[in-house]
Structure formats: C-alpha cells, structure tokens
Amino acid sequence: MASTTNSPSTLLTLPNFSIQTSTFLPKTSQRSIFQKKKPFNFNSKRVVSCKASNGKQNDADHTSFLNRFDRRDILLGLGGSLYGATSLVRDPLALAVVPIEPDLSSCGESTVDTGKTCMNVPCCPPKLKDSKIIDFEPPLGCKIRYRPAAHLVDRDYLYKFESAMERMKALPVDDPRNFMQQANIHCAYCNGAYSQVGFPDQKLEVHYSWLFFPFHRMYLYFFERILGKLIGDPDFAMPFWNWDSPCGMTMPQIYLDPYSPLYDENRNLEHQPDVLVNLNDGKSVVKPKKKKEKDSFDELTKREQIKSNLYVMYQQMVRSAKTASCFHGAAYLGGCVSETDIGCTPEPRGGTIENGAHIAVHKFVGAKNPPYNEDMGNFYSAGRDPLFYAHHGNVDRMWNIWKTLPGKKRHDFNENVWLNSSFLFYDENANMVRVKVRDCLDSKTLGYDYQSVDIPWLRSRPTPRRSRPGVGR
Ligand code: C2O
C-alpha cells in the first residue's frame, strides 16, 4: 500500500484566535446566527498527528508562530493584534496569490481527533504506475444528465444504481475507483493526509472554508462518472437526498434495505423513517428560555418539525446567505494551517449550509457509537456510507439554487486565489486529474443538473413563533 510513508512529524497547532485584517475578500455581513462551534466530531481542522500530540500541543505560543511565518517568508505586514500584542499579521495580498493545492507525494496518515481520543488512519490513494497528472477538461457535448431525488426513483433506476454500486464495491481493493478507496478520498482531504504544495508544514483541509462546495462537487462528479462507467452508461446520474423538502425529510427508503449495496449498518437506527431529520441539529428554532419548554420541543409534532426545517433552510439559503462569503464560508489560502490560522481568514468559519443543515444531516445519520460516530457522524468515515453521496448531492444542489436567488451579491467569488485552488482525483479511467475550482462553478458545464422538484422553503419565509400552543404533551 502506498499509504503511510512521510507521515507528518511536524507539529501543527491551531491557536484559538482570529485576527482582523483588511481583506481582499468581499466584506461579509453579520455572522450568521447559525454559526456554531464546530460540532464535537467535526473538528477535522485539527490535523495534529496523534503521535505528535503527546504533551506538545501547547506549542501554539507566540514564538512558534513567529518562527513559522519567518521561515516561510510570507510575513510581510505588521499590525493587528495577537494575544493582545499589536505586532503580527500577514499581508493578505501576499497570501492572495497563493492558491491551495494538495501535494500528492506528501500523503500520510489521516488523523481523527475528538479532543479526547485520537487515531491515525491510512487514507491515501493507491499509487499507480503511470501517475501522470492530467489537467481536467470539462466534458464535451451538451447532454445534461439529471440527478433524481432519491425518494422518487423507479425500480429500473434503482436496479441500475444498485448494480453500479455493487460493481464499485467489487473492484480490486487497490483500484482507486473501488468504493472504499472513494471513501478514503474524503478521509484524506478532510483529516489532514496532504500537505499543501509549497508549504510542506501546512495541512490541507477542505471543510469550514470556501473550498467546501467545490471540493465536494468534484468528488461526487468523479464518483458518479465511475458508477456510469461501471454500468456502461456515461449518462448515469446519482440520486440526491431531498432533505429540504417535506417529502424527503426521512432517510430515503432505497438506502435502507440491508441486502442492498446502498445499505450501511453504521447508522443511527433510531433515525429510520418515519423519523424526520432535524435540520436545526437538535436545537429549537425559537430558543426556549425555560427548560420545560425545551422538553416539549423535543416532542415536536411532524408538522412542527417540517416547519422548523423549512425555516432553517430559508435562513441558511436566503436570509443569512446574501454574499459569497456567507454562503461559501471564509477564504482559505495557500500556506494557511487552517481557517483559524492567523491572517489566513478574516473570519474563520464555514458557510451557512455547511455549518448548518449539512452537519445536521451527517449527525442525524451517523451511529451513536462513541467516540467517532461512524460512519456519517465523522468525516474520516462518512464516505463509507452510500447515503453520503446522496446527502452531498443535495448540498451541491443548494449551491446551484443559491446562485439563482435574487440579490446582487449572490454570486460566487471571483478571486483568482479561490478559482485556482485545486484538487486531485482519479477519474473513471483511473487517471489522476487536477481540477481547479474554476472548472466546477457550473454544474451544467460539467454535464449534470438536478431534477426539478418543489422548493417549499423558498416561498415560506417563516417567522419564528414566540409560542407554540398545543405542542408537546
Ligand atoms: Cu466533507 Cu459532508 O463532508
């Protein structure tokens, strides 16, 4: 296996501060009310290798930061404040010219760290003999394949989809298109297997920043192309989990048959249908002031849950997502340790949907087993559940929908540093392909779109209710 060489011995630490910088980014409006602390198991920016963490994690002191910046020679500006000192900030323009790129040769173990327990897992892609990297070209042709809503597919479609998944799972284990290898892509990009090109000390991580939507789009794109190839149907389109609509708010039935290749036993069995997903992640929309009220909220009727979910969607797609920065999340630049790195991002955070409904659905599906809540409840294992790809189909669909909403600022970033950031994937022919963010802005250019279904939250514009008479006991 081509995996665990070059395991990162460098100690990377994430200090807990952000810094005000003048920024080249569009100014964000207020922080979303949905902005949360990272959920317990989704702390994948903490890419400190377990081995290195023994007692050394408090290395995040002022000195080590200074040293690191000096070494990389990108500390240009002074000003701002760090631990109360007004002396250190990187020039955001200096960072702005360095897009993020994974260094394939640096691939080492991924680290899963809950804060209490930690483990290293091998997730690197297999090395193939001819490992030339090709630059991605969008497909020729104008035919659009439409991804169907998972709860609406018919038997013929299901048969096709299942055979494709079966074949993907049956590929040799060291074939990069094998299902487990595909799952490992997520683990590698989300749990710090790669260093950044040009910054051997800095890990690459695709969550909680503006890399979130582009990375996951292309990840699914190649997954889908591989499925299509395996059944000889290049027009095959994967289903999406329509969790933003009342008819799709339970786990889709096609993923629940234990004999199906779409099944995964590592899920929360208490969340089988008819249990509706709570897009607000277990929290009430109107924050209950009294504990008693909270108890009754837990017993929301279905109707209330649906209403609440639609409200969440409206918030995260419309009200709180008026700019690219709100929707996509903060900038994440080459040389940054993470979104919490000093000067790297003006506001360390993921976008509204990423932090909100996206995480909520992960947690809804993942098993309750501590400490890692596999599969969907942890980034390192999420790709092992076929439902992951349907979930992210809908996340990706939100990107498309968001761009169609009215509002002058509701368009993607146009900063080159974002557009030129890139990822590496094996394509359906097992060729290594480099994809830039600029290649994936338009799903139609990539040859796919989504079945048009109702978008009920769009017109509902709910207002939170102060009281909910009749709810509860
Ligand atoms: Cu990369 Cu939903 O996670």
Side-chain angles (χ1 to χ4, degrees), residues 31-45 147 149-150 186-187 189-191 205-220 223 238-245 248-252 267-268 271 276-283 285 308-321 324-330 332 339 348-366 373 375-383 385-403 443 450 455 457:
R31 285 174 159 224
S32 153
I33 58 161
F34 287 95
Q35 189 173 325
K36 299 174 185 159
K37 279 201 163 162
K38 285 172 201 172
F40 188 61
N41 265 343
F42 284 83
N43 52 357
S44 47
K45 284 283 190 189
R147 294 183 177 167
H186 196 254
C187 168
Y189 274 97
C190 311
N191 295 73
E205 216 291 3
V206 292
H207 293 100
Y208 303 118
S209 79
W210 66 6
L211 295 187
F212 175 75
F213 283 99
F215 169 80
H216 290 86
R217 168 164 289 181
M218 294 317 290
Y219 177 28
L220 259 64
F223 189 90
M238 289 192 303
F240 69 92
W241 178 2
N242 193 190
W243 38 250
D244 59 305
S245 171
M249 284 179 188
T250 58
M251 284 192 210
R267 287 183 190 147
N268 189 338
H271 287 170
L276 297 172
V277 65
N278 180 355
L279 295 180
N280 205 29
D281 207 11
K283 276 159 237 120
V285 179
S308 156
N309 286 346
L310 295 179
Y311 174 71
V312 167
M313 289 309 299
Y314 188 84
Q315 275 294 347
Q316 295 176 5
M317 290 292 290
V318 185
R319 202 172 275 167
S320 303
S325 178
C326 295
F327 180 74
H328 279 280
Y332 177 33
E339 103 265 38
R349 55 173 173 77
T352 46
I353 284 289
E354 180 187 5
N355 283 356
H358 159 251
I359 294 288
V361 174
H362 270 283
K363 288 163 92 174
F364 176 76
V365 180
N373 304 96
D375 284 326
M376 276 282 273
N378 198 301
F379 284 148
Y380 98 89
S381 52
D385 189 336
L387 194 43
F388 171 93
Y389 305 88
H391 170 37
H392 269 275
N394 207 37
V395 171
D396 185 67
R397 180 174 157 259
M398 291 305 134
W399 185 8
N400 279 4
I401 295 175
W402 177 76
K403 287 200 264 193
S443 79
Y450 291 91
I455 310 178
W457 47 264

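Counting begins at 1 with the first residue of the sequence. Nothing here was measured: the structure is a model prediction, and the numbers come from that model.
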- Is a side-chain donor or acceptor of His216 paired with a backbone partner of Phe212 at a separation under 3.5 angstrom? yes
- Trp457 (side chain) donor-acceptor with Met317 (main chain) under 3.5 angstrom: no
With rounding to the nearest 0.5 Å, note down the distance linking [atom1] in [X] to [atom2] in [Y].
X: Tyr380; Y: Asn191; atom1: OH; atom2: CG; result: 9.0 Å
X: Leu279; Y: Met249; atom1: CG; atom2: CE; result: 6.0 Å
X: Phe364; Y: Thr250; atom1: CZ; atom2: OG1; result: 7.5 Å
X: Trp241; Y: His391; atom1: CH2; atom2: NE2; result: 7.5 Å

Any side-chain heavy atom of [X] sitting closer than 4.5 Å to one from [Y]?
X: Tyr189; Y: Glu205; answer: no
X: Arg147; Y: Pro239; answer: no
X: Asn309; Y: Asn278; answer: yes
X: Phe327; Y: Ser320; answer: no
X: Trp399; Y: Ile353; answer: no
X: Val395; Y: Phe213; answer: yes
X: Met398; Y: Glu354; answer: no
X: Ile455; Y: Arg397; answer: yes

Closest heavy-atom pair and its distance - [X], [Y]:
X: Asp244; Y: Asn242; result: OD1-ND2, 2.8 Å
X: Leu220; Y: His392; result: CD2-C, 3.6 Å
X: Gln316; Y: Ala321; result: O-CB, 3.2 Å
X: Trp243; Y: Ala357; result: CZ3-CB, 3.8 Å
X: Gly329; Y: Arg349; result: CA-NH1, 3.3 Å
X: Gly366; Y: Met376; result: N-CB, 3.7 Å

- Task: Measure the acute angle between the ring planes of His186 and Phe388, then classify it against the limits of 30° and 60° as parallel, tilted or perpendicular.
- Result: perpendicular
- Query: Parallel, tilted or perpendicular: which fits the ring planes of Phe223 and Tyr389, with parallel below 30° and perpendicular above 60°?
  - Reply: parallel
- Message: What verdict does the ring-ring contact (aromatic ring centres under 6.0 Å, His included) test give for Trp402 and His328, after you've listed the backbone C-alpha separation in whole Å, the side-chain angles of each residue and the deciding distance to 0.1 Å?
- Response: CA-CA 10 Å; Trp402 177 76; His328 279 280; 5.7 Å; yes
- Task: Evaluate side-chain hydrogen bond (donor to acceptor under 3.5 Å, both in side chains) for Ser308 paired with Asn280, printing each intermediate quantity in order.
- Result: CA-CA 8 Å; Ser308 156; Asn280 205 29; 5.3 Å; no
- Task: Under the side-chain hydrogen bond (donor to acceptor under 3.5 Å, both in side chains) rule, what do Asn394 and Tyr450 come out as? Steps first, then yes or no, please.
- Result: CA-CA 9 Å; Asn394 207 37; Tyr450 291 91; over 6 Å; no
- Using 4.0 Å as the upper bound for N to carboxylate O, is an ion pair formed by Arg267 and Asp385? yes
